[in-house]
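What follows is a single structure, written as structure tokens, with notes after it.
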Amino acid sequence: MITFSLRHTFESAQPLTFYADFNQASNTLVYPQDSLLVSVTQSGSDEKGSLHVSGGRRGYVTSEVRRRFRLRDDMGKIYKKIRTDAYIAKAIDLYRGMRLTLNDPWETTLVFIISQFNNVKRIRLITRSIIAKYGSEIEGRAAASARSFPTSADMTKATEKELKRLGAGYRARYIIGAADYCTNNVDLDKLPSHKYLKLKEELMQIDGVGEKVADCIALMGYGNLKAFPIDVHIKRTMEKLYFEGKVKRIREIRDFAESRWGDYMGYAQQYLFHKARMMA
DNA sequence: ACCCAGGCGGGCG
DNA sequence: CGCCCGCATGGG
């Protein structure tokens, strides 16, 4: 039995959180991917409850779910490496089975451009509005219907005025720029996912993508676990926990994380972030 | 009214 | 470089 919690993963504010539907009563997640509507159900509330996957061709969908929910990650090994102190141990105990997810690079880019200087509820609302307006309709057996996430080419048709009407605010300009750049100047699917520094440098060429958002894209869009996004929650939490409450630079916090959690620092970040956000 | 939210880009010293 | 500021929007 694998260590996986559909609920904690869904609630951890990762890209799919912003557009998928999660039914708490049935513990079922319905989300569109690759023009399919996929339904994932986990029986029981236990993180080891068995998974049921439906929608599309069974073999393909099952392997995609395994890939996107990173079900091949050895959580025992990861927990052993990142369980370095009481705080993160508590986070692991509270949210055992929470996985990082692997999402489409463009999808991740758009979602995290929207995320800046924003809150989760509004990120979700704006993302859904964008999908409703610019996505295309797909169907599946898992539910009645849904819309696929708009491609960067789809988004080049958007105007700043439209995006502001959907609530994007000053980020509307970034979205326009990013859609154009990712359609005409770079192929996100060809960036070097395993070369952290190079990947981040390339991502930061995109309009509205700075260091923090680039780390989010590297982590959740490319699966690069050396990425360590430092947002307000992480910064405050780590300054308090590991730096005696003193204000530190991003660089120093990142170096500390790397020395402490090494190749699994991205997972450490997700557990620290989720606990900090849930407790706030 | 005021503060905050998974920050970024531009400008200044 | 490193720091500071404005930025749109809605919820607590």
Side-chain angles (χ1 to χ4, degrees), chain A residues 8-20 91 95 98-103 105 107-130 133 158-182 200-225 227-241 246-255 257 265-280:
Chain A
H8 293 322
T9 301
F10 176 75
E11 290 177 348
S12 65
Q14 295 187 241
L16 80 165
T17 296
F18 302 128
Y19 54 85
Y95 309 113
M98 177 176 68
R99 302 270 176 155
L100 282 167
T101 59
L102 183 59
N103 307 272
E107 212 170 279
T108 311
T109 299
L110 179 50
V111 162
F112 279 105
I113 284 174
I114 294 168
S115 82
Q116 64 170 90
F117 199 34
N118 214 338
N119 60 62
V120 169
K121 180 171 284 188
R122 263 171 47 77
I123 298 164
R124 188 179 165 94
L125 183 69
I126 296 164
T127 302
R128 286 176 166 248
S129 299
I130 284 178
K133 186 166 179 64
T159 67
E160 190 168 340
K161 184 176 289 184
E162 287 172 353
L163 291 169
K164 284 194 171 182
R165 203 176 306 132
L166 300 183
Y170 72 97
R171 307 166 198 82
R173 191 167 50 79
Y174 294 153
I175 295 171
I176 304 281
D180 177 67
Y181 185 79
C182 293
K200 189 165 169 180
E201 182 188 336
E202 294 287 339
L203 292 172
M204 287 176 68
Q205 301 305 308
I206 304 169
D207 218 2
V209 176
E211 178 153 17
K212 189 270 175 183
V213 168
D215 270 326
C216 286
I217 302 169
L219 184 61
M220 293 172 241
Y222 291 87
N224 192 311
L225 301 185
F228 193 85
I230 300 175
D231 74 310
V232 290
H233 294 295
I234 288 290
K235 189 165 187 294
R236 279 202 289 260
T237 300
M238 289 185 66
E239 283 168 349
K240 184 178 175 187
L241 281 176
K246 294 176 190 158
V247 175
K248 292 292 172 184
R249 295 174 188 170
I250 299 296
R251 178 74 221 185
E252 193 167 350
I253 296 175
R254 193 203 137 75
D255 287 347
M265 56 198 291
Y267 255 105
Q269 190 275 350
Q270 190 61 24
Y271 276 83
L272 290 174
F273 168 77
H274 191 50
K275 183 173 190 302
R277 196 175 77 83
M278 297 300 270
M279 298 300 172

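Everything numeric in this text was worked out from a predicted model, so none of it was measured. Chain A is the first sequence line, chain B the second, and so forth, proteins listed ahead of strands; every chain is numbered from 1.
- With both ends at atom C1', the span from dC8(B) to dG11(C) equals 23 Å, rounded to whole Å.
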- [ ] Apply side chain to side chain contact (heavy atoms under 4.5 Å, CB included) to Asp215(A) and Ile230(A), showing your working.
- [x] CA-CA 8 Å; Asp215(A) 270 326; Ile230(A) 300 175; 6.0 Å; no

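- Here dG6(B) presents its C1' atom at 8 Å from CE of Met220(A), a figure rounded to the nearest Å.
- Residue contacts for Thr17(A): at a heavy-atom cut-off of 4.0 Å it reaches no nucleic acid atom on any strand shown.
- Around the CZ atom of Arg173(A), the shell of radius 6.0 Å holds no more than 12 heavy atoms that belong to other residues, nucleotides or ligands.
- In this structure, CZ of Arg165(A) is placed 13 Å from P of dG10(C), rounded to the nearest angstrom.
- Remark: C1' of dG6(B) and CG of Leu272(A) are 14 Å apart, rounded to the nearest angstrom.
- In this structure, Ala214(A) and Lys200(A) approach most closely via the heavy-atom pair CB-CG, 3.9 Å.
- Separating the CG atom of Leu100(A) from the C1' atom of dG6(B) is a distance of 14 Å, rounded to the nearest angstrom.
- Whole-Å rounding puts the Ile234(A) CD1 to dA5(B) P distance at 13 Å.
- Going from the C1' atom of dG10(C) to that of dG9(B) covers 23 Å, rounded to whole Å.
- The separation between Ile126(A) atom CD1 and dG6(B) atom C1' is 13 Å, rounded to whole Å.
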Task: nucleotides 7-13 of chain B: protein proximity per nucleotide (B base, S sugar-phosphate only, - neither; heavy atom, under 4.0 Å) - done: BSS----

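- Judged by Watson-Crick or G-U wobble contacts below 3.5 Å, the nucleotide dC4(C) has dG10(B) as its partner.
- Distance from the side chain of Lys164(A) is smallest for dA8(C) among the nucleotides dG6(B), dA8(C), dG11(C).
- Rounded to whole Å, the distance from CZ on Phe18(A) to P on dA5(B) is 15 Å.
- A distance of 10.5 Å separates CG in Leu166(A) from OG1 in Thr127(A), rounded to the nearest 0.5 Å.
- Under 4.0 Å is where a charged nitrogen must lie from a carboxylate oxygen, and between Lys212(A) and Asp231(A) no such pair does.
- The side chain to side chain donor-acceptor pair (under 3.5 Å) test with Asn118(A) is passed by exactly one of Lys121(A), Gln116(A), Arg122(A): Arg122(A).
- Remark: P of dC4(B) and NZ of Lys235(A) are 14 Å apart, rounded to the nearest angstrom.
- Between dG6(B) and dC5(C), the two P atoms lie 23 Å apart (nearest whole Å).
- Within 4.0 Å (heavy atoms only), Arg236(A) reaches sugar-phosphate atoms of the nucleic acid but no base atom.
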- [ ] Take Val213(A) and Leu203(A) through the test side chain to side chain contact (heavy atoms under 4.5 Å, CB included) and record every step on the way to the result.
- [x] CA-CA 9 Å; Val213(A) 168; Leu203(A) 292 172; over 6 Å; no

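- Both Arg249(A) and Arg171(A) sit near DNA chain C, but only Arg249(A) has its closest nucleotide nearer the 5' end.
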